[in-house]
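What's counted below: heavy atoms across the whole structure, side chains too, no hydrogens, waters or symmetry copies. The sequence lines fix the lettering, A, B, ..., with proteins before strands; numbering per chain opens at 1.
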Amino acid sequence: MDMHSEFLALRKKIIEAEFSRMNDRQRQAVLATQGPLLVLAGAGSGKTTVLVNRVACILKYGAAYESDAVPSGLTAEDLSYLQNCLAQRSFGDERLRELLAVDAPPSWALLAITFTNKAAGEMKSRLEQMLGEQALDIWACTFHSACSRILRREIDKLELGYSRSFTIYDTDDSLRVLRECCRDVAGDDRNFANKTALPAISRAKEQNMSPAAFEAAASGDYRLQKIASVYYKYQQALRQANALDFDDMLRLTVMLFEKNPDVLDHYARRFRYVLVDEYQDTNPVQYQLISLLAGGHQNLCVVGDDDQSIYKFRGATIENILSFEKQFKHARVIKLEQNYRSTSAILGVANAVIANNTGRKSKKLWTENPDGDPVKVRRFEDEATEALFIANTILENVKDGMKFADQAVIYRMNAQSGPIEKAFVRMGIPYRIIGGHRFYDRMEIRDLMAYLCVINNPGDNLHFTRIVNAPKRSIGSATMAAVQQIAEQTGQTLYEVFLHCQEYEYFSKKTARIESFMHFMEHMRELRTEILPHELIRTVMEESGYLASLGDDEEAKSRKENLSTLISNAADYEKNADEPTLEGFLEEAALMTDIDNYDGQADTVVMMTIHAAKGLEFPAVFIAGMEEGVFPGQSVMIYPEQLEEERRLAYVGITRAKRKLNLTCAGSRMLFGATVRNRPSRFLDEIPNNLKDAQDMRPHFERPQPRRAAPAAPIRLERPGVSRPVQSKAVFAPGDTVGHGTFGRGMVLSAKTMGGDTLLEIAFDTCGTKKLMANFARLKKL
DNA sequence: AAGCTAAGCGTTTTT
DNA sequence: CGCTTAGCTT
């Protein structure tokens, strides 16, 4: 064999050896770095590892695995050096890399798009472990961060009137702007903005439809035309405020690339390799963006699982993944079907449920894992009993050596968390809820962020309106209406009108107040570049009088605490950023979410929706509320086509579990103030009997039992943990003095009847106010 | 302009 | 059932 072919064979062997801890298909997906590749990765198939290794492989060896190129001046000594590396399995050093790499890009030449910031962070830290510090500069981020980074540099080239200091509007902000735009068009129709216009415009933007295109498509349909005119106004309002909503960030980037081939060329050259995770959840604009960037070199790898597509409701199109092979010619497809996560029992259940969907890419997960416990299916009288069962089982698991943090309770909607929370409090189980309210959704945080937005971008009318009278400056709706009118007539921003208020007769009585406010704002604008963001926040909240206006009660205390957290968040940002700016902090805050803070360190049970649980795994999983009307939800009755998405959601939920899975439902539950009786979910029926351990725990009299010779031992559930209290107990009323074993003496502040029990709010003499359930708290009337 | 009360309404959620 | 918001009152 000549030296060249010997070298080529050796190079392949070495690169393969570095990724030898994976199965064949996984390794293929890592090594096939050239050309389009679709990885259909089933749940728990080691997708994250493949992605991380693939990025590492590209950064280290580039096209080497598939290339015939041989380094010039190759010597026999080089070959024996490589042989030695292979024998010792040492792949770390620089000389080896120099000998092997072909066209290995500098680290920043790679774009890895993930679904959440958290996934991006995880990828980076795993790469850091593998490759050391040098891997830090890759663009591993979400679509939105990538676009915003590009737009911050290039938005002027769009020539649409946006400037680099643009504000990012979140959904809430967008909705407010939209409501304003609907007022003239839809008059008193209150739901129009929320339910009709917002989804329609959002869908349009996800398809990269401009207002004009939308109007053209509306041809003759009165309702659609109405929406089109709102869309025009909305876009205009955003542009005037120099603000982008989340959809704009993607759309405008695509527009930028289409308008400026040289800009596209620059980024396409820069991102010589593009990877997209969770491809089944991408929408048409995202597809456009990817095909623009990767269209030339075609080094595009997408990873996804059509069975886990659960974001159709917000514009994700499963088409992207189903027709990838048509859109990218010569695409390779690799299926990862071996599951490493779950027991065989759990996987069997997942397969059985998802098999009821049609129109999937054929794929069947298998595992070498042991059978494990059968999946438990339980039905209870009501949601409180269900919650108690979950709490009790968690405690049993802990007794068996599991940690709290190994267990997760997941559900279809956030509204289901209440009863479970209550049971956890009662049983002393530490828990955390992910989702629901975001830190940046709190009123005081939004207020302060609004100040910062205006300081950064005075044209931001929306946020200006929010802060102009917070704290109270006697600038009410009448004044604002007048200002709005002047602004519209003169084409100025609200900020500008206020700045020149002395020119208008109307404000004569208020000039002093307005001027002092504007003077303050102008001063802050000057400070913006002189001091750090966290100092600016402190200055704003103190000198605007906002802090003082909060007052001094308990609520104010917690608000002030949140504001301090905001300051420390800003300080954290400054620490991590290369070049901290106000703009940068605002951007990070806009793109940050609750789940990004979830560290999984503390030993607590985690509660979240199934959507939030995607991508996570736990040894024990409880899925609560497996009922018709809850999961699948009510809307399936009206829109049957949504059923398959619900089933995929069930599939995602089931496949979160590694060892133990409990599916529970309640015969009746309180939902939105009314008690509803639900049948067990059809998804439970779809599980073959031999795979489940099913029992109905409702009392016999509730259920007319069909007569059978030998009843299949419908076992009555022993009430979990504490036995159910007798109903006739001491009744507590506000004003009563009570005694508690641990908390001592206290006074009842309020009493609320809840199910068969009473929730008492009690002010204890020594340890503050606590909420307790009367029947469980072992209280004595004093 | 600001505070209070009645009415209405409710998925899932990432940016 | 609990929260937000609109509209009404002072």
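- In the set B:dT15, B:dG3, B:dT12, the nucleotide with an atom closest to the side chain of A:Lys472 is B:dG3.
- Both stacking criteria are satisfied for A:Phe313 over the base of B:dT12: a centre-to-centre distance under 5.5 angstrom and an angle between ring planes under 30 degrees.
- In this structure, A:Thr171 reaches the bases: a heavy-atom distance under 4.0 Å links it to at least one base atom across the strands shown.
- Heavy-atom distances to DNA chain B give each of A:Met480 and A:Met413 a nearest nucleotide, and the one nearer the 5′ end belongs to A:Met480.
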Query raised in the report: Stepwise, does the salt bridge (Lys or Arg N to Asp or Glu O under 4.0 Å) test hold for A:Arg669 with A:Glu381?
Result: CA-CA 9 Å; A:Arg669 84 167 55 231; A:Glu381 193 177 337; over 6 Å; no
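- Here B:dT11 presents its P atom at 14 Å from OH of A:Tyr411, a figure rounded to the nearest Å.
- DNA chain B is contacted by both A:Ser474 and A:Ile310; A:Ser474 maps to the nucleotide lying nearer its 5′ end (nearest heavy atom per residue).
- Among the protein residues, A:Gln416 comes within range of no part of the nucleic acid, since none of its heavy atoms lies under 4.0 Å from any strand.
- Contact check, A:Asn469 against B:dA2: a side-chain N or O comes under 4.0 Å of OP1 or OP2.
- Rounded to a whole Å, the CZ atom of A:Phe439 is 17 Å from the P atom of B:dT15.
- Contact check on A:Asp173 versus A:Arg446 returns a salt bridge, with a Lys/Arg side-chain nitrogen under 4.0 Å from an Asp/Glu carboxylate oxygen.
- Among the heavy atoms of the strands lying under 4.0 Å from A:Phe115 are primed sugar atoms or P, OP1, OP2 only; no base atom is included.
- Because its NZ or CZ atom is not both nearer than 6.0 Å to the ring centre of A:Phe631 and within 45° of the ring axis, A:Arg647 does not count as a cation-pi partner of that residue.
- In the interface, the side chain of A:Arg412 is paired with the base of B:dT12 through a donor and an acceptor atom under 3.5 Å apart.
- In this structure, the CZ atom of A:Phe672 is 9 Å from the P atom of B:dG10, given to the nearest Å.
- The side chain of A:Lys195 places no N or O atom within less than 4.0 Å of a non-bridging phosphate oxygen (OP1 or OP2) of B:dC9.
- The distance between atom CZ of A:Arg669 and atom C1' of C:dC1, rounded to the nearest whole Å, is 14 Å.
- At the heavy-atom level, A:Thr142 lies under 4.0 Å from the strands shown only through sugar-phosphate atoms.
- Counting non-hydrogen atoms under 4.0 angstrom, A:Ala478 reaches the backbone sugars and phosphates but no base.
- Residue A:Asn117 places its side chain closer to B:dT15 than to any other of B:dA2, B:dT13, B:dT15.
- Taking the six-membered ring for Trp and the full ring otherwise, A:Phe464 and A:Phe498 have centroids separated by under 6.0 Å.
- A donor and an acceptor atom sit less than 3.5 Å apart, one in the side chain of A:Ser635 and one in the base of B:dT11.
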Checklist entry - Run the side-chain hydrogen bond (donor to acceptor under 3.5 Å, both in side chains) check on A:Ser165 and A:Asn456 step by step: do they pass? => result CA-CA 7 Å; A:Ser165 56; A:Asn456 184 55; 5.1 Å; no
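- Residue-level contact check: A:Gly476 touches the backbone only, with heavy atoms under 4.0 Å from sugar-phosphate atoms and none from bases.
- Separation of the A:His611 and A:Tyr411 ring centroids does not fall under the 6.0 Å cut-off.
- Look at CD1 on A:Ile475: it is 9 Å from P on B:dA2, rounded to the nearest Å.
- Between A:Asp441 atom CG and B:dT14 atom C1' there is a gap of 13 Å when expressed in whole angstrom units.
- What separates CG of A:Asp173 from P of B:dT15 is a distance of 16 Å, to the nearest Å.
- Rounded to whole Å, atom P of B:dT15 lies 13 Å from atom CZ of A:Phe143.
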